[in-house]
Undergrad: 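Can you read through this structure? Questions will come right after.
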Amino acid sequence: MTDRIASDRLEKLEALRAAAIDPYPARVPQPTAIAACLEGIDARQGETVVVGGRLGQVRDFGKLRFAHLRDRTGEIQIGFRRDDLAGFWPQRKLVETADHVVVRGELGKTQKGEDTVWAHEVTLAGKCLRHPPEKWHGMKDTEARYRQRYADLFANPEVRDTFVLRSRIVQELRRYFHLLGYLEVETPILQPIFGGATARPFTTHHNTLDMPLFLRIAPELYLKRLIVGGMERVFEVGRVFRNEGISMRHNPEFTMLESYEAYADYRTIMERVEGLFAHLCTTVVGGSKVVFREVEYDLQPPFQKRAYCELLAEKNDGLDFFDGEAVLRRARELELKTDGMPLEKVANDIFEATVEDSLGGPVFVYDYPTAICPLAKQRPDDPRLAERFELFIAGMELGNAFSELNDPQDQEARFRKQLEHVDEESPSELDEDYVAALEYGMPPAGGLGIGIDRLCMLLTGSSTIRDVVLFPLLRQVKDVPIQADQDAAGDQSGEG
RNA sequence: GGGGGCGUAGCUCAGUCGGUAGAGCAUCGGCCUUUUAAGCCGCUGGUCGAAGGUUCGAGUCCUUCCGCCCUCACCA
């Protein structure tokens with residue numbers, strides 16, 4: 001038996017059909033949520049209920065069998081007694097672990113006092129044809145878990161808990177912005193010019209327009225066009241795509257929150273971020289403390305605030321970001337690449353190499369050098385610095401925010417400067433339409449970007465991004481054992 | 001892309017020095033009306049990731065390839 005369709009389960013399927021039982025009926029009795037059945041159950045003994053879900057381990061005593069039934073809301077034991085199930089009894093063994101069933105029965109208890117639905121009518125709702133993962137160890141193989149998340153989800157309940165939590169995090173994040181009067185919007189994912197971040201894009205092509213397109217690396221430039229248009233407070237939660245490496249912190253497509261608020265600056269946005277974390281702590285986390293990679297973090301605002309250049313100097317023997325010679329010297333010490341790179345990028349690499357990992361946080365790192373912030377407004381008192389901050393927690397960059405540059409001439413000049421060092425990560429052309437938008441006048445505004453996946457990692461205690469992404473990108477394979485054996489599985493081709 | 005590790009039954013895993021391919025669970029058969037990792041008895045189940053090589057003999061040693069994980073690089 002090398003095929004993954006279990007032959008014994010196929011035989012049962014055929015036996016069911018022979019007994020005129022549809023293993024995949026179009027309609028079944030509508031079940032009520034198991035959690036609702038459990039509510040006040042002690043006062044409801046003998047009440048008839050209908051529950052539905054996937055069948056757990058069956059414990060067979062000949063004329064009596066037990067199994068647990070799980071739906072999205074909870075789990076309850078089902079008791080199958082021969083004397084109550086004259087019609088179903090001959091077929092009882094054709095319905096087994098991992099099948100979907102709907103059971104009509106009465107609420108009761110076992111001799112040991114466990115809440116149980118004593119079945120009077122059993123309807124097979126969907127037959128499972130594959131061997132389910134092992135009952136005790138669950139599904140451990142990480143590759144199989146990611147490739148077959150559907151099995152991971154029912155074999156490992158904590159996986160589902162994580163994604164329920166993720167859903168609630170996003171829901172509460174939306175609610176937080178709605179309460180502040182923000183409007184949720186959607187902007188193009190297919191973009192003729194990519195911008196708003198530094199990253200290699202995915203490329204695609206529109207046939208009818210015969211036009212090359214990029215999958216967005218950030219929604220930033222479109223959202224700020226909306227600020228020009230007078231929408232004043234907008235946010236978007238959406239997928240962005242970066243054609244880069246995969247790691248515990250990186251998936252090629254990930255979810256980003258971006259928000260823009262007119263008449264705000266980066267100080268306002270710091271308050272917004274602190275308010276967001278406070279909101280998430282009370283509504284989702286149930287406290288301000290989270291444990292991530294065995295370290296506890298307290299997310300109670302206010303957060304620590306540290307100046308970028310100070311941190312750089314602290315960790316690098318007083319290094320001055322703007323002292324080119326010292327920067328190159330230090331970069332060589334750290335064995336960082338320097339050839340052909342702009343000095344500010346080298347200096348920032350030093351920052352990332354020496355400072356970031358030590359930022360347990362939560363900490364706002366603020367006032368980044370303007371040279372590495374092409375979309376942020378300069379500090380009026382020191383144009384070398386930009387009004388920008390990033391939020392670090394657990395050494396991870398979780399958020400990025402700035403006072404948005406709204407001077408169209410300055411913006412165009414900075415775009416032109418970017419084009420001097422063209423590489424795969426830089427836009428290939430100047431986004432003239434964005435400059436045109438700014439020329440119509442954008443109010444001063446504060447903008448924010450938060451990596452939702454990383455936020456979820458932190459709040460769910462998941463050490464890898466793949467545990468908060470339902471279907472992380474994996475290399476496609478044709479010949480691993482996970483694929484059904486064509487011969488044994490019959491005609492499995494295509495989905496029509 | 002660089003470095004390290006791993007891949008054995010449907011699932012979770014052993015497999016010693018190179019010498020007949022193993023266990024538990026699941027499945028199947030038998031007993032059992034209060035179990036909950038049910039229990040007891042019996043059976044079945046293998047392309048040892050793939051290909052090649054060394055050897056009388058390879059799960060084990062060598063080479064190449066595939067996949068996953070970890071780590072570094074880059075980013076959020």
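To find a chain, count down the sequence lines: A is the first, B the second, and so on, and within it residues start at 1.
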Undergrad: Given the C1' atoms of B:U63 and B:A26, what is the spacing between them in whole Å?
TA: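 Their C1' atoms lie roughly 38 Å apart.
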
Undergrad: Write down the distance between NZ (A:Lys93) and C1' (B:U27), rounded to a whole number of angstrom.
TA: 12 Å

Undergrad: Rounded to the nearest Å, what distance is computed from the CZ atom of residue A:Arg130 to the C1' atom of nucleotide B:A9?
TA: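 Spelled out: CZ on A:Arg130 to C1' on B:A9 is 16 Å.
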
Undergrad: Taking C-beta and beyond as the side chain, do A:Lys224 and A:Glu258 meet within less than 4.5 Å on heavy atoms?
TA: no

Undergrad: Taking the C1' atom in each of B:G22 and B:U33, what is the distance between them to the nearest angstrom?
TA: 37 Å

Undergrad: Quick one: which of A:Asn348, A:Val327, A:Val365, A:Ile350 gives a side-chain contact (heavy atoms from CB on, under 4.5 Å) with A:Leu312?
TA: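 For A:Leu312, the side-chain contact (heavy atoms from CB on, under 4.5 Å) test succeeds with only one of A:Asn348, A:Val327, A:Val365, A:Ile350, which is A:Ile350.
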
Undergrad: Which letter, B, S or -, goes with each nucleotide of nucleotides 35-41 of chain B from 5' to 3', with contact meaning a protein heavy atom under 4.0 Å?
TA: BBBB---

Undergrad: C1' atom, B:G45 versus B:G39: distance in rounded Å?
TA: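 Between the two C1' atoms, the distance is 23 Å.
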
Undergrad: Distance under 6.0 Å and angle within 45° of the ring axis: does A:Arg149 meet both against A:Phe471?
TA: no

Undergrad: Checking A:Glu274 now: which residues fulfil salt bridge (Lys or Arg N to Asp or Glu O under 4.0 Å) with it, not counting sequence neighbours?
TA: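 So A:Glu274 forms a salt bridge (Lys or Arg N to Asp or Glu O under 4.0 Å) with A:Lys305.
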
Undergrad: Can you measure A:Arg147 atom CZ to B:C66 atom P for me and round it to whole angstrom units?
TA: 14 Å

Undergrad: Looking only at atom P, what distance separates B:C48 and B:G3, rounded to whole Å?
TA: 29 Å

Undergrad: Closest-nucleotide mapping onto RNA chain B: is A:Pro252 or A:Thr464 further toward the 5' terminus? I mean the 5' end.
TA: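 Closest to the 5' end, via its nearest nucleotide, is A:Thr464.
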
Undergrad: When the C1' atoms of B:C11 and B:U27 are considered, how many whole Å apart are they?
TA: 12 Å

Undergrad: Send over the distance from A:Glu96 CD to B:C25 P, rounded to a whole Å.
TA: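 Atom-to-atom, A:Glu96 to B:C25, this comes out as 18 Å.
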
Undergrad: Within a radius of less than 6.0 Å around CD of A:Glu186, do more than 12 heavy atoms belonging to other residues, nucleotides or ligands occur?
TA: no

Undergrad: So what does A:Met248 touch, heavy atoms closer than 4.0 Å: a base, only the sugar-phosphate, or nothing?
TA: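 The answer is sugar-phosphate, as A:Met248 gets under 4.0 Å only of primed atoms, P, OP1 or OP2.
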
Undergrad: In the strands shown, is B:G46 matched to any nucleotide by a Watson-Crick or G-U wobble pair with both distances under 3.5 Å, and which?
TA: none

Undergrad: For the side chain of A:Lys12, starting at C-beta, report the closest nucleotide among B:U27, B:U71, B:U33.
TA: B:U27

Undergrad: Does A:Phe163 have A:Arg160 sitting over its ring (NZ/CZ under 6.0 Å from centre, angle to axis within 45°)?
TA: no

Undergrad: Using the C1' atom in both, what is the distance from B:G49 to B:A9, to the nearest Å?
TA: 15 Å

Undergrad: Have a look at A:Phe80 and tell me which of A:Phe61, A:Phe66, A:Phe88 forms a side-chain contact (heavy atoms from CB on, under 4.5 Å) with it.
TA: A:Phe88

